[in-house]
There are 2 protein chains.
Amino acid sequence: MSVLKVLAAQLETMTQADRQIAGFIIDHPEKMLTLSSAGLAEATGRSQSSVVKFSQKLGYSGYQQLKLAVNKAKAIEWQTPGGVIHGTIEASDSYMTILQKLIGSKLLSMRETSAANSEPTIDLALAALTDARRIQLAGVGASSLVAKDFSYKLLKLGRAVLLDSDTHIQISNASVLNGSDVLMALSHSGRSLETLRIAELAKKRGAKIISITSLQPNPLLDLADISLFTVGDEERVRSSAITSRDAQLMLTDMLFILLLRRQPDAYDYIHDSETAVKILKV
Amino acid sequence: MSVLKVLAAQLETMTQADRQIAGFIIDHPEKMLTLSSAGLAEATGRSQSSVVKFSQKLGYSGYQQLKLAVNKAKAIEWQTPGGVIHGTIEASDSYMTILQKLIGSKLLSMRETSAANSEPTIDLALAALTDARRIQLAGVGASSLVAKDFSYKLLKLGRAVLLDSDTHIQISNASVLNGSDVLMALSHSGRSLETLRIAELAKKRGAKIISITSLQPNPLLDLADISLFTVGDEERVRSSAITSRDAQLMLTDMLFILLLRRQPDAYDYIHDSETAVKILKV
DNA sequence: CGAAACCTGGAATTATGTATTCCTGTGTCG
DNA sequence: CGACACAGGAATACATAATTCCAGGTTTCG
């Protein structure tokens with residue numbers, strides 16, 4: 001997972017000194033690579049020890065390790081397929097440029113999202129979904145559409161899914177969950193009231209909670225037994241919710257395909273549901 | 001060029017000590033990243049100063065720089081076993097491979113979709129959407145979710161949008177359209193019965209029809225005044241509807257962003273709707 | 001309301017790691 | 001065979017990183 005994304009995500013919740021250091025790294029990552037811990041300290045106006053402690057708080061053994069991580073992140077960022085542009089979409093951009101930037105943003109958020117989730121965690125989520133007696137999905141706004149999309153897929157695999165667009169019904173559904181059920185809650189911010197209520201209730205009932213939120217620390221994340229992450233890129237597209245929705249779809253598509261692989265009879269189910277739908281086509 | 005390749009290439013022509021050091025780095029690059037210059041010296045049985053000199057001979061200012069270069073090389077190597085992969089996802093694929101193939105498929109369908117629609121046609125569609133008194137959206141199944149997503153975005157721009165998940169209501173909505181309205185119908189196959197019915201009815205009422213279908217000839221296409229296209233990649237992902245949905249989203253996101261650019265007061269509307277939603281967050 | 005426990009973050013210290021210099025042994029060439 | 005070039009190690013000087021310690025501020029709890 002890209003350190004830079006993590007830094008950006010946690011920037012808000014950091015202490016003052018840490019925020020300044022993180023800010024500098026985000027703004028000038030390559031500059032930072034040339035600096036020593038003392039140099040970075042001077043550049044940010046903090047002390048050398050703060051720089052080292054900052055590195056350690058992030059989970060690295062020290063400043064050197066952090067540097068390697070930043071280096072790696074930059075290296076990967078460069079490595080984009082031809083014709084892809086990462087930039088903020090401006091009103092003055094031409095048609096082609098807008099297209100390229102849009103594709104670039106979507107690609108970036110898909111990549112970052114796939115990198116933000118470790119294989120072991122994904123495996124935990126898959127196991128939970130596989131073993132669940134019932135799966136309830138929760139989400140409002142744009143997330144509700146992703147939840148619905150995922151529910152269709154789960155239904156095609158023959159799983160028992162609970163999802164309703166009415167939040168009152170979602171809450172009453174959650175109130176009858178139990179230890180053998182799973183609640184999967186989607187909220188990019190992790191702060192949508194209804195989704196949180198549902199998750200709290202489900203947790204109280206003993207259901208296993210899978211959260212899908214951004215990397216920013218958030219209440220939903222705290223409730224979760226298994227935490228999956230989405231990485232958006234709002235700023236660059238500068239418009240509502242496009243890339244965070246793409247990131248959620250990326251993640252749920254991943255889960256679906258991996259479930260498919262685990263479930264030997266999956267293709268039968270899919271075949272059946274597609275056959276049934278064919279009647280509704282010309 | 002990757003340091004590791006350079007090392008391998010020059011290995012033959014190196015002096016004894018250098019060859020040993022280079023050999024170790026080639027064989028255990030990750031291990032090397034955890035070692036200090038003295039550590040690497042010990043691991044290779046040479047002296048610490050030789051390690052530093054070795055780094056300098058390669059053109060780096062010192063051991064640290066060499067480490068960064070190796071780190072970068074590994075990062076890139078990991079990220080791209082041959083760039084974006086466009087292949088069918090197989091049950092035997094590893095986790096990483098699946099991810100890369102999924103991203104590759106999505107990227108491909110986004111690119112092809114953006115190429116499948118000419119700028120003049122897009123402009124026609126934008127003009128129609130801009131001038132429309134009301135915009136009705138139609139779609140069933142996965143397309144209905146895209147329609148809903150797009151409707152949210154249009155609502156944020158302050159447009160009058162008609163969309164209901166109940167097809168009967170959709171039909172009755174269509175029956176009151178007139179010449180100043182637009183019907184946008186989404187169906188990848190272009191053969192979904194309900195969507196077709198709605199489009200036929202809307203056409204009879206004199207509304208302008210925008211179709212969003214695959215490139216395959218289909219009945220919905222024949223009805224349309226303006227035809228937009230989506231390009232999916234079903235076969236490669238070998239599972240239901242993932243990339244055709246992505247293609248539809250790509251197209252509607254494009255339309256949204258381009259509408260945004262045309263509409264001077266768009267940001268006010270977006271701001272207002274986002275402010276209104278904030279109340280529902282923690 | 002006030003003391004204790006707890007953070008944050010800087011200064012000083014210590015430990016670690018890196019780069020340079022110096023030196024020796026070996027092979028090469030005139 | 002002796003001057004020279006050079007690989008490469010030891011020692012040293014220097015740079016950088018990590019830890020410890022402490023002061024000031026904040027929260028918590030009696």
Side-chain angles (χ1 to χ4, degrees), chain A residues 3 6-7 9-73 216-217 219 222, chain B residues 3 6-7 9-73:
Chain A
V3 217
V6 176
L7 288 182
Q10 300 187 347
L11 199 63
E12 299 305 312
T13 63
M14 284 178 178
T15 63
Q16 219 175 327
D18 289 352
R19 194 172 321 158
Q20 257 175 289
I21 297 168
F24 185 91
I25 296 174
I26 291 168
D27 292 342
H28 321 282
E30 32 266 278
K31 179 91 211 207
M32 173 267 188
L33 289 174
T34 68
L35 293 169
S36 65
S37 63
L40 178 56
E42 200 189 347
T44 55
R46 318 304 303 207
S47 73
Q48 182 259 337
S49 62
S50 292
V51 172
V52 175
K53 284 174 196 165
F54 169 78
S55 310
Q56 291 170 334
K57 274 184 222 165
L58 286 171
Y60 301 101
S61 73
Y63 179 65
Q64 295 284 9
Q65 297 274 113
L66 172 64
K67 245 167 120 166
L68 286 180
V70 171
N71 181 251
K72 189 174 193 172
Q216 251 106 13
D222 298 335
Chain B
V3 217
V6 175
L7 288 182
Q10 300 186 348
L11 199 63
E12 297 308 311
T13 64
M14 284 178 178
T15 63
Q16 217 173 329
D18 288 353
R19 195 173 317 159
Q20 256 174 294
I21 296 169
F24 185 90
I25 296 174
I26 292 168
D27 292 342
H28 320 282
E30 356 266 41
K31 180 87 212 222
M32 173 267 189
L33 290 173
T34 68
L35 262 38
S36 66
S37 62
L40 179 56
E42 200 190 347
T44 55
R46 318 305 306 207
S47 74
Q48 182 259 338
S49 60
S50 293
V51 171
V52 174
K53 285 173 194 166
F54 168 78
S55 309
Q56 290 170 334
K57 275 184 221 163
L58 286 170
Y60 301 100
S61 74
Y63 179 64
Q64 295 284 8
Q65 298 274 112
L66 171 64
K67 245 167 118 165
L68 286 180
V70 171
N71 180 251
K72 190 173 193 169

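On a predicted model such as this, the values are computed, not experimentally measured, just so you know. By convention in this document, chain letters (A, B, ...) are assigned in the order of the sequence lines, proteins followed by strands, and residues within each chain are numbered from 1.
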Any side-chain N or O of [X] under 4.0 Å from OP1/OP2 of [N]?
{"X": "B/Gln56", "N": "C/dT20", "result": "yes"}
{"X": "B/Ser37", "N": "C/dT18", "result": "yes"}
{"X": "B/Ser50", "N": "D/dG8", "result": "no"}

Starting at atom [atom1] of [X], determine the distance to atom [atom2] of [N], rounded to an integer number of angstrom.
{"X": "B/Lys57", "N": "D/dA7", "atom1": "NZ", "atom2": "C1'", "result": "7 Å"}
{"X": "B/Gln20", "N": "D/dG8", "atom1": "CD", "atom2": "P", "result": "9 Å"}
{"X": "B/Tyr63", "N": "C/dT16", "atom1": "OH", "atom2": "C1'", "result": "14 Å"}
{"X": "B/Gln65", "N": "D/dA15", "atom1": "CD", "atom2": "P", "result": "16 Å"}
{"X": "B/Tyr60", "N": "C/dT18", "atom1": "OH", "atom2": "P", "result": "16 Å"}
{"X": "B/Ile21", "N": "C/dT18", "atom1": "CD1", "atom2": "C1'", "result": "14 Å"}
{"X": "B/Glu42", "N": "C/dT16", "atom1": "CD", "atom2": "P", "result": "14 Å"}
{"X": "B/Leu68", "N": "C/dT18", "atom1": "CG", "atom2": "P", "result": "12 Å"}

Any heavy-atom pair between the side chains of B/Val51 and B/Arg46 that's under 4.5 Å?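 Heavy-atom side-chain distance check fails, nothing below 4.5 Å.
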What I'd like to find out is whether the side chain of B/Leu66 reaches to under 4.5 Å of the side chain of B/Ile25, using heavy atoms alone.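 In contact.
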Which one, [options], comes nearest to the side chain of [X]?
{"X": "B/Ser36", "options": "C/dG10, D/dA10, C/dG17", "value": "C/dG17"}
{"X": "B/Ala17", "options": "C/dG17, D/dG8, C/dA12", "value": "D/dG8"}
{"X": "A/Val52", "options": "D/dA17, D/dA11, C/dT18", "value": "D/dA17"}
{"X": "B/Arg46", "options": "D/dG8, C/dA19, C/dG9", "value": "D/dG8"}
{"X": "B/Lys53", "options": "C/dT18, C/dG10, C/dC22", "value": "C/dC22"}

Okay, side chain of A/Lys67, backbone of A/Leu35: is any donor-acceptor separation there less than 3.5 Å?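 Yes; at least one donor-acceptor contact below 3.5 Å.
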Which part of the nucleic acid, if any, lies within contact of B/Gln48, taking any heavy atom under 4.0 Å across all strands shown: a base, the sugar-phosphate backbone alone, or nothing?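 Here B/Gln48 touches the bases of the nucleic acid.
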Looking across every strand, which nucleic acid part, if any, lies under 4.0 Å from A/Thr15 by heavy atom: base, sugar-phosphate, or nothing?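 If one applies the 4.0 Å heavy-atom cut-off, A/Thr15 turns out to touch the sugar-phosphate alone, with no base involved.
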Counting only heavy atoms not in B/Lys57, do more than 12 sit closer than 6.0 Å to its NZ atom? yes
By nearest-nucleotide position on DNA chain D, the 5'-leaning member of B/Asp18 and A/Ser55 is B/Asp18
Can you tell me which residue among B/Leu33, B/Leu7, B/Ile26 is in a side-chain contact (heavy atoms from CB on, under 4.5 Å) with B/Val70?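 When side-chain contact (heavy atoms from CB on, under 4.5 Å) is applied between B/Val70 and each of B/Leu33, B/Leu7, B/Ile26, only B/Leu33 qualifies.
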With hydrogens left out and only the distance checked, is there a donor-acceptor pair under 3.5 Å joining B/Ser49's side chain and the base of D/dA10?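 Indeed there is one.
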